[in-house]
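Below is one structure, written out as structure tokens, with a few remarks after it.
Sequence lines set the chain letters: A, B, ... in the order given, protein chains first and strands last, and positions in each chain run from 1. What you see is a predicted model; the values in this text were computed from it and never measured.
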Amino acid sequence: MREKATTLYIGPQHPGITGNMMVKVQVEGDTIVKARTEVGYLHRAFEKLQERRNWLQSFTLLCRFCVPEPDPVEESYARAVELLEGREVPERAKYIRVLMLELARIGSYMLWYGGQNGSLGLYTMGQWSVGDRNYILDLFEELTGGRVYHMYIWPGGVRRDLPEGFAEKVLRTMDYLEKRLKDYDDLMFDNTIFQKRTQGVGIISKEKAVEWGVVGPVLRGSGIKSDIRIDDPYEVYDKLDFIVPTHEGGDIWSRALVRRQEIRQSIRIIRQVIEQMPSGEYYNRIPNPHKWALPKGDAYARTEATRGEVGMYIVSDGGVHPRRIHFRGAAYVHGITLLEDLLIGENVADISAIMNSLGTCPPEIER
Amino acid sequence: MKEIKENIIQRIKANFADAAEKNDFKDNRVDFSVKKETIPSILFYLKDEMGFIHLSHISCVDWLEEGELEVVFIVWSPKDKIKVFVRTRLDRDNPVMDNVDMIWRQANTYEREMREMFGVQFTGLVAPEEFLLEDWQGPPPFRRDFDTAAYAEKTFWHRPGREDAQDVRETIANRDGEEIPDFAKKYSR
Amino acid sequence: METVLMDILGAVVTFLVAFVVGMTYGGLSRKITARVQNRKGPPWYQNFIDAFKLGFKKSAIHHGVMHHLGGAFLMVSSVMTLMIVPVLSHNNWFPNLNFQGDLIFLLYIMTFGPLGMALGAGQTGNPNSAIGVTRGLSQMVGFEIPWVLALVALMIQYHTTSITGLMAAQAHSGTWLMFSSPFAFIAAVMAMLGMFRYSPFDIVGAPTELASGPVSENGGKYLFVMMSSGSVFTFAKLTLYVDLFMGGADNLLILLVKTFALYLIPMLYGMTTPRYRTEQAVRWFWGWPSFFGLLAILQAVIF
Amino acid sequence: MMNDKNSQKIVDIIQNWARKHSIWVLAYGTGCGAIEIPPTMTSRYDAERLGVRGAATPRQADVLLITGYLTVKTMKRVIRVYEQMQDPKYVIGFGSCTINGGMYYDSYNTIKVLDKYLPVDVYINGCMPRPEAVLSGFAQLQKRIAEGRANGAQQYKDNLEWYRANQKKIIPNWIMPEYNW
Amino acid sequence: MEMIHIIFLIFLGGAVLTYFAGKVSKVLQDIFFLLSVLVPAYLFFANVGIGKEVTLTLGGITLVWGVNHFSWLFSLIVLGLGSMAAIYAIGYMKGKERKGYFYFNFILSIMAMMGILLSLDLVSFFVFWEIMTWSSYLMTVYNGHETQRIGIKYFVFSAIGAYAMLMAIVIVHHVAGSFMIGSMINFYPNMSLSLQIWIPILFLMAFGVKAALMPLHVWAPDAYSNAPMAYTSVFSGALSKMGIYGMVIVLVTMINQIPQGFWFREVIAWLGGITAVLGTLWAIKQDDAKKLLAYSSVAQLGYIIVGIAIGTELGMLAGLFLAVMHALFKGTLFMVTGAVEKQTGTTNFTEVTGLIRKMPWTFFAALFSIIALAGIPPLGGFVGKWMLYEALITSNHYLLVIVIFFSSTAAFLYCYKFLFGFFLGQEEKEWAHVKEAPVVMLVPMIIMSVLMFVLGTFPGLILKPINSGLVDLGYIDTFKHLWNTSIIFNAWGDHVVLQPILYYIIAIFVFFALFLTWKGHKTTRYVTTKDISSSGEVPAEDENLTFSVGFMQPFLRAVAPAMRRQIDKYYTGIADGLESLFEFMRRIYTGNGQTYAVYVIVFVVVVLLFKSVLF
């Protein structure tokens, strides 16, 4: 016997989905009564492949874990390896890493601007922000040679020093972005329709957020102050002055506001970093990668990405190949089961907006 | 930090006799090894009594040579700023352990993945059988005795030329009838 | 026989003009949108290329006879609207059906297409299409209220229900209706936002929500016919607004200026707004636009 | 007087011109290459000026952009989507992983050579290809369309059995409707 | 023996014969049934002259029957739809139980309706009114005991109306000294003011019940949806028109004679408007085709009431034209529902889906009826709707026109829901066995569809008898002033010329249909509804891809505040109140004939005793 509720396939081929995943929803009217996520469309078995490569080779695969923002993954891996090996990182490299991470954070949020507003039909915003994101990618390109995949933060420091005049360029870009952010606010946050569409939709209450282990801006959007940069400081974040914005409410709107304010904080951090950056070594050279064996043991390092906590758990058996590398994606917890729970009772029109506000990134779920 | 770590170790040792600790880490980390039967109770204790409310990670490592699978739980206490590793070993031939997704809801996803990738069975886990793979017929692919390269070689087409590192540009240029400039040819191996 | 041939000729010429103008407006809309979005944008004739490409598609599928004929239903609606609406105010243009139907008829023939199209979309069996249709019909009920309020205000002000009558009244009084009954104009323009289905009222297709809704199963020639119908409809509706509120147009150039000025309203508004949810859209139409419509009726009754 | 062949030729030229300048890309982010599609479509690179535009469903799309590696699970959906597209249709293989597996050459879950399973008209090399490369790929496709050489769909139709056998080899549970025109 | 008497005799005799013929042979029964509906119909139209009166004296009371232009128009509806439904019923009732019961009541209903139309005196009017109520009540409870409660609800309402009418008749006889309708009308302006107000109200209560006017419509959806569909098409299409018929007589011929009549008409018009809106909103909400059509009937009757209540020439034309159209399209739609019910066993939209390729002709009939119902040109519904709007606008009912327009636009929602629910959507395996309805059921539907199409372009065909009827009622001749064979005017002189419009529509439609068919016909192919672009996934067999539950939810959510306040509170409040009333009534209606007789006597005595106090 057929079920009464209608099955709608949101994804994998659907303009509203954030990446390549599927949400199978059952609707009555346009209210969702049941939702099931299906992932695995992007499963490439990175962690398996990394076991066949040596410690440095597996590094090239890392940035593919999450394409919108690969740097926190590199950072986690680099720190995990350093932790396991006990390798020191020069002070300058730490600052450069922070600069890199914050630039990546802004870039990722710019992309999120596009996704969030695209899901609500405000395409102009996406065009602006994704277009402006290119300026950040230009900085990356100049620094690392790659627009998307940087492979820059690696064990022992960073791959190369800042080029001449790079700091000024960064500051100039930041000034430009600050100017643009005002336009974005006018177009997006001051828009009553945007407010109507986002306020009170996709609510994650405080209790629910804790219960489901939500992390990152989603958790902060539910009013819980939690940020690894503050809680478990890495690199030089403890020397920098910034605040962690939170918002009560737990709806799409609060999460959007949190992200919006975090961009501002990131710009602030970047300015401080450039101001405080010491000179000196940027790289504590590793030995010949083909002979580079890590001591037996395991390590876990985590980093705050735009979607929350990303962690890297590495296990070494004392050889030149990793025994196991296991990546903890930020969206791993809220992208699957929480989404299923969250969508029930919501409107079909809001599926895409909710997914975007969660910052679900399928490749880091499936790896 | 040191006192906090000592305190944690003492409380755990007092309550769980089989917990073997390890505390020689430079960072804010404490490590316990327990029997697999103790896992739910120790995790409950950590969460409810000691404030380790955040489950950071669950991982599984295949120790093929020792015939064991190791499951590692990493929990984090926002209050104490300490991460605690709880690890246990399972028999590789019959890896069964208790389901912990009633302690942390997100554990469900990790367990689904472990079930699929390592063949670890969690008693009482309610979730669809398939997670990342579809219609997978081989052994659990993340176990170390599964050779992915051989499998890929057997299953998929491979474009020739990879083994001798031939430049694909040449192939494509030939097909499209393009001229490859001389200086460019120099660089193609 | 001669008159029949003239009728056919008139219909064809009017149709072609509407097609070309509507398509061009579509292209210009894309171009202007692109400029607002910091882009160069496609050429103004991009919509023609798109339409012809769709027409040249080699294969097409349909899910049954209603789906197959959905485009024809849509065309009836748009072309009939075009035929009823006087394109130019003096008789130097083909009269087509200008004097044979009035505003109430127009209101109903305009709903013929969406309903036929909805039937076609329904037969595809795609749930997205069906949801899109329910959204579209709901939205239609929404914007028809201010639209009808505005029209009724006009009708009772000038004691005529025919477009030609209203145009004659404007010519007689010398002022455009948008000035003599401004509330009706405001209500009608607000209803127009819904009619043109630009953001925030693009809830029917809504790619990120419904994967384009009712047209999700239409490709090739079916989409071509729908696109053409949309262009013709755009022109017909704009001309109707010009006839009703802006005193019509004496020649094609003035018509283009006036219609394009009107067309800019939904287009520019749409660029800066996200999309409403269906019930929000419907309620919006029953809020301020209907209030202005009631004011218009009040004005018409009192003065 | 033109004979049939010449008039057909002229029609072909017009058709190909229209097809060339109106490329509707199916919005399907199959792999990680999808990250460079938004920049390609938005303000700096603006693919819309070439007539490239997103299409929501396969029925309306002309080009299937395979943005990177295809896992077996995605492969199944891609085949289905490709077969739902209307003639003429083109496939662009995007990134090294579609050409020879790229860095996933030894992965058990991704296909290595796309053109064994779907007829690829244009490959774009790189990992990841920059937006400029994507645009040049589109330009290449346009060139091939204009010359009438982008006939992958015909190739697929003619050699359906071969493609089908390859597809079925990697997809164990084949429950898809058959491709029957 | 006059022809009218013969007709009634055939009806009566036919009913009895049909009932007993079932004991002999089913086929014989069918034949008798058909004959006893079709023969009187033929005889009536062929041999009964307009304006002729016949009398029959029974027990000292003279019953006067006759036909004028106005009642002839309604006879057309009754006998036309009755004949069609009779043919349809042969197919519909095939293989069903209690055929004799059904046929008997069917014929009696037709006879009673004809009796009402032909009665010129109030006694026979009341008697036939009661027969109509009884026979339709028996039909409502045809499906057995579960429907008993619904039947009682219907009957209680009818009884309230009937007693109100009886009271009015007694009063009229008392003051006017005659049972003749004509003398009542003539005497009306001379009555006292309180009587001038009370008598129409009492009559309107009776007629309002049958016409499902707003506070009295509660019975209609249940009764319509529970009677057998073959009868419901008559029930909704023709029987409800008896209320309209009575209303026209009361509103036009009586109330118009006094200055206070304006307020009467306004109130009735607004009631009609509200009925239309509420009926539409509730129809949108229904998941069952019968219920949907039933609420839709309530709404459509609202339009008709609005038309006749505003009382201008155009309004009357609109109302009566809509009445004819309503008989056509609603009759067809109930027949369609019956056909679907017969073939699939259910009328629930959430179960039936995708029948278009199984039942193409039924779909065709449904499509035409829906287009007519929605008022979309070029079908007949448009003409009625157009005239209604123009009548409202030209008679300064500005707000009412908005109310009606809202209801009419919202009607698209349920129109689409009806077509989509049955015929469109996924074609499911469970309905793969469904066949097209039998020819005998199809023919009436097709005939009526064609009629709707013809009337859409040549409304003059039916406007002519309407006009004659209106002239009989004292209106001026509106030919060439408000209508022509295929041109309709409003009071301001604006017009719609239907004929060229039809040609244009056909030309455009055919052109593009041919274009779509011819272009690339070799490479265009049909694919099943399973092969849809479901985001790349292949839906499993048991997935439901038809969107059927909560179909118009976005709209309903938008109107939810209105629905909650007005309907939940007032409507169900009234309904709940009535529920308790039914309980009380149930105790009164003991089923014992003697008790009823006592009631009637007590009632009459009370009225006679207190008449001076009451009035």
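Counting heavy atoms from C-beta on, the side chains of C:Ile145 and E:Phe406 come closer than 4.5 Å. Under the 4.5 Å side-chain criterion, counting only non-hydrogen atoms from C-beta, E:Phe382 is not in contact with C:Phe112. Between E:Leu545 and C:Asn126, every side-chain heavy-atom pair lies at or beyond the 4.5 Å cut-off. Put simply, the side chain of E:Asp494 does not reach to within 4.5 Å of the side chain of C:Ile104, judged on heavy atoms. A 4.5 Å side-chain heavy-atom check between C:Leu137 and E:Met552 finds at least one atom pair inside the cut-off.
Note: E:Tyr416 leads E:Tyr503, E:Phe511, E:Tyr416 in heavy-atom pairs under 4.5 Å with chain C. For the set E:Lys519, E:Glu427, E:Arg357, the entry with the most heavy-atom pairs within less than 4.5 Å of chain C is E:Lys519. Taking chain E as the reference chain and counting heavy-atom pairs below 4.5 Å, the highest number among C:Val148, C:Thr164, C:Ile84, C:Val301 is found for C:Val148. Counting heavy-atom pairs closer than 4.5 Å to chain E, the top-ranked of the candidates C:Ile297, C:Thr160, C:Thr111 is C:Thr160. When E:His495, E:Lys417, E:Gln499 are compared by the number of non-hydrogen pairs under 4.5 Å with chain C, E:His495 comes out ahead. No other option in E:Ile501, E:Leu514, E:Asp531 has as many heavy-atom pairs under 4.5 Å with chain C as E:Ile501. If you tally non-hydrogen atom pairs under 4.5 Å between each of C:Ser138, C:Ser216, C:Gly293 and chain E, the highest count goes to C:Ser138. Chosen from C:Leu69, C:Leu115, C:Ile131, the residue pairing most often with chain E at heavy-atom distances under 4.5 Å is C:Ile131. The residue among C:Leu119, C:Leu149, C:Val65 with the most heavy atom pairs within less than 4.5 Å of chain E is C:Leu119. Between chain C and the options E:Leu419, E:Thr517, E:Ile371, E:Thr394, heavy-atom pairs under 4.5 Å are most frequent for E:Thr517. With chain C as partner, the option from E:Ala513, E:Ala507, E:Pro378 having the largest number of non-hydrogen pairs under 4.5 angstrom is E:Ala513. No other option in C:Thr278, C:Val282, C:Val141 has as many heavy-atom pairs under 4.5 Å with chain E as C:Val141.
Contact annotation for C:Met83: only side-chain heavy atoms (C-beta onward) come within less than 4.5 Å of a heavy atom of chain E. For C:Lys221, the parts lying under 4.5 angstrom from a heavy atom of chain E are both the backbone and the side chain. Both the backbone and the side chain of E:Tyr526 come within contact range of chain C, each with at least one heavy atom under 4.5 Å from a heavy atom of that chain. For a residue to count as touching a neighbouring chain, one of its non-hydrogen atoms must lie under 4.5 Å from one of that chain's; by this rule C:Leu294 touches chain E with the side chain only. Looking at C:Ile109, the atoms closer than 4.5 Å to chain E (heavy atoms on both sides) sit in the backbone and in the side chain alike. Contact annotation for E:Tyr504: both backbone and side-chain heavy atoms come within less than 4.5 Å of a heavy atom of chain C. Only the side chain of C:Leu107 comes within contact range of chain E, with at least one heavy atom under 4.5 Å from a heavy atom of that chain. When heavy atoms are compared at a cutoff of 4.5 Å, E:Ile488 does not approach chain C at all. Heavy atoms closer than 4.5 Å to chain E are found in the side chain of C:Val152, but not in its backbone. Neither the backbone nor the side chain of E:Phe423 comes within less than 4.5 Å of any heavy atom in chain C. Looking at C:Phe73, both its backbone and its side chain come within 4.5 Å of chain E, counting heavy atoms on both sides. Contact annotation for E:Tyr389: only side-chain heavy atoms (C-beta onward) come within less than 4.5 Å of a heavy atom of chain C. Heavy atoms of C:Glu217 lying under 4.5 Å from chain E belong exclusively to its side chain. Using a 4.5 Å cut-off between heavy atoms, E:Ser533 touches chain C through backbone and side chain atoms alike.
Considering CD1 of E:Ile284 and OG1 of C:Thr134, their distance stands at 11.5 Å, rounded to 0.5 Å. Distance check, rounded to the nearest 0.5 Å: CD1 of C:Ile156 to CD1 of E:Ile393 gives 8.5 Å. Put simply, CD1 on E:Ile505 and CE on C:Met80 are 4.5 Å apart, with the number rounded to the nearest 0.5 Å. The OG1 atom of E:Thr409 lies 13.0 Å from the CH2 atom of C:Trp147; values are rounded to the nearest 0.5 Å. The CG atom of E:Leu424 sits 7.0 Å away from the CE atom of C:Met66 when rounded to the nearest 0.5 Å.
Ring orientation note: the planes of C:His159 and E:Trp492 are tilted relative to one another, at an angle of 30° to 60°. In this pair, C:Phe15 and E:Phe512 present their aromatic rings tilted. The plane angle is within the 30 to 60° band. The aromatic rings of C:Phe224 and E:Phe515 lie tilted to each other, with the angle between the two planes from 30° to 60°.
C:His63 places a side-chain N or O within 3.5 Å of a backbone atom of E:Val527 that can act as its donor or acceptor partner.
Listed here is the closest heavy atom pair of E:Leu516 and C:Tyr222: CD2-CD2, 3.8 Å. Contact record, C:Ala130 with E:Phe420: CB-CZ, 3.6 Å, taken as the closest heavy-atom pair. Of all heavy-atom pairs between E:Ile532 and C:Thr124, the closest is CG2-O, 3.2 Å. Between C:Tyr108 and E:Gly375, the closest heavy-atom pair is CD2-O, 3.0 Å. In plain terms, the two heavy atoms of E:Ile508 and C:Val76 that are nearest each other are CG2-CA, 3.8 Å.
For E:Trp361, the CH2 atom counts as loosely surrounded, since its 6.0 Å shell holds 12 or fewer non-hydrogen atoms of other residues, nucleotides or ligands. The local environment of CZ in E:Phe489 is crowded, with over 12 non-hydrogen atoms from other residues, nucleotides or ligands closer than 6.0 Å.
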